[in-house]
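Quick note: numbers below take in every heavy atom, side chains included, and nothing from hydrogens, waters or symmetry partners. In listed order, ligands and their atoms are each counted from 1.
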Amino acid sequence: MLRTAARGTTLHTQVNGITIAYSDQGTGLPIVFLHAFPLNRSMWAQQEDALSLQFRVITVDLRGHGESDAPLWCYTLEQSADDVNALLDQLSIQQAIFAGLSMGGYILFAFYRKYAARVKGLVLADTRAQADTAEGKDGRFQMAQTAYKKGPSAIADIMIPKLLSPSTIQTRQDLVQQVRAMIEGNQISGIAGDLMAMAERPDSIPLLSQITCPTQIIVGEVDQATPPSDAKLMADQIHNARLAVIPNAAHLANLEQPEAFNHIVANFVSELSKPSR
Ligand code: MLT
């Protein structure tokens with residue numbers, strides 16, 4: 001039986017033939033958070049704690065990650081979008097705000113293509129609309145081979161310098177270890193599956209001008225994986241989109257600067273919560 005969880009409770013449900021883990025806290029306008037690669041929904045803990053005081057916050061372990069199943073087969077980002085859609089059906093949520101960081105944002109583009117009527121607003125954080133280049137696809141292939149041969153800790157070694165700023169890596173071992181634990185908690189099938197899914201994702205630039213819902217774009221000032229120029233490109237092409245650049249943050253801006261991130265999201269969602277005149 002689906003229900004609203006007490007703080008911190010993990011819930012499980014069956015969607016599209018697999019078990020998905022999620023949490024559901026607070027009341028009010030729902031915000032659905034989709035995590036980055038190769039992490040899990042615990043990356044949103046500080047958003048969950050702060051924002052569930054005002055809103056209903058749902059975080060999802062996408063297929064292949066965290067406590068959700070990581071089946072050994074082909075993955076697509078559309079499939080992850082279908083999983084999220086099926087979860088919302090089960091929770092009887094007609095419309096929500098969706099916040100995706102990096103891969104979470106790629107999945108939101110797939111979600112918007114199929115389920116735009118469900119989207120009341122979008123938060124696109126540290127993500128990009130472009131598809132992978134040929135070189136980028138080759139890098140995905142190489143990383144999948146590394147995951148297969150050396151395991152998730154080798155992926156953590158490669159990814160941590162791309163996810164966190166040099167100053168965080170030098171001075172915040174707690175955060176570095178938290179990110180490492182998330183990465184090492186994944187199964188190889190999930191890591192390789194998502195690498196294939198991201199390599200095959202379509203170019204979402206043509207979609208940008210068709211996005212009609214309110215959109216907040218967020219980027220860490222020193223994000224090198226999806227830099228501010230990618231965020232600006234989205235802001236320029238999505239009608240009336242807003243852009244916020246968070247100082248002293250790299251790719252995982254929500255973890256490095258949670259207060260600034262939460263403030264931006266809370267303002268955006270509060271405006272959408274007001275009854276329209
Ligand atoms: C992520 O944070 O989800 C990844 O950096 C996305 C990517 O590899 O393109």
Side-chain angles (χ1 to χ4, degrees), residues 33-44 47 59-66 68 70 75-81 84 98-111 122-147 152 154-165 168-169 175-176 178-186 190-205 217-220 222-231 233-234 246 249-257 261:
F33 283 93
L34 303 185
H35 61 76
F37 168 87
L39 306 182
N40 63 47
R41 67 190 169 82
S42 73
M43 71 169 256
W44 298 118
Q47 283 65 53
T59 67
V60 184
D61 276 342
L62 297 160
R63 66 166 59 213
H65 298 263
S68 290
Y75 285 48
T76 65
L77 299 181
E78 188 179 337
Q79 205 176 28
S80 293
V84 172
F98 292 84
L101 193 142
S102 200
M103 182 183 74
Y106 307 161
I107 292 169
L108 289 183
F109 290 132
F111 191 90
L122 279 175
V123 178
L124 298 170
D126 298 280
T127 192
R128 63 168 181 256
Q130 304 92 308
D132 280 359
T133 58
E135 192 187 1
K137 284 183 202 231
D138 185 55
R140 306 273 191 211
F141 174 78
Q142 299 303 339
M143 196 182 291
Q145 305 319 301
T146 302
I155 300 304
D157 293 342
I158 298 169
M159 287 302 295
I160 285 171
K162 298 179 198 276
L163 299 175
L164 298 170
S165 67
T168 295
I169 292 172
L175 190 46
V176 175
Q178 188 190 340
V179 171
R180 176 171 285 281
M182 281 188 248
I183 298 175
E184 292 184 351
N186 289 313
I191 293 175
D194 270 339
L195 286 165
M196 287 184 249
M198 288 191 287
E200 294 305 316
R201 74 187 193 283
D203 183 7
S204 291
I205 291 187
I217 294 162
I218 304 176
V219 66
V222 292
D223 183 349
Q224 294 196 9
T226 51
S229 54
D230 288 344
L233 190 151
M234 294 188 291
I246 300 186
H251 193 54
L252 298 180
N254 72 307
L255 277 169
E256 291 190 291
Q257 298 298 340
F261 191 96

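Under the side-chain contact (heavy atoms from CB on, under 4.5 Å) criterion, Ala131 pairs with Asp203, not counting sequence neighbours.
A side-chain donor from one of His251 and Thr226 sits under 3.5 Å from a side-chain acceptor of the other.
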Could you list, one pair per line, each nitrogen or oxygen of ligand 1 together with any protein nitrogen or oxygen closer than 3.5 Å, giving atom names and the distance rounded to 0.1 Å?
| residue | atom | partner | partner atom | Å |
| --- | --- | --- | --- | --- |
| ligand 1 | 2 (O) | Phe37 | O | 3.4 |
| ligand 1 | 2 (O) | Ser102 | OG | 2.9 |
| ligand 1 | 2 (O) | His251 | NE2 | 2.8 |
| ligand 1 | 3 (O) | Phe37 | N | 2.7 |
| ligand 1 | 3 (O) | Ser102 | OG | 3.0 |
| ligand 1 | 3 (O) | Met103 | N | 2.9 |
| ligand 1 | 5 (O) | His251 | NE2 | 3.4 |
| ligand 1 | 8 (O) | Arg140 | NH1 | 2.7 |
| ligand 1 | 9 (O) | Tyr106 | OH | 2.6 |
| ligand 1 | 9 (O) | Arg140 | NH1 | 3.4 |
| ligand 1 | 9 (O) | Arg140 | NH2 | 2.8 |

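Side-chain atoms of Leu39 and Leu252, non-hydrogen and from C-beta on, do get closer than 4.5 Å to each other. Between Met43 and Phe33, the closest side-chain pair of non-hydrogen atoms is not below 4.5 Å. Contact check for Asp194 versus Leu62: no side-chain heavy atoms found under the 4.5 Å cut-off.
Closest approach of Pro161 and Ala156 over heavy atoms only: CD-O, 4.5 Å.
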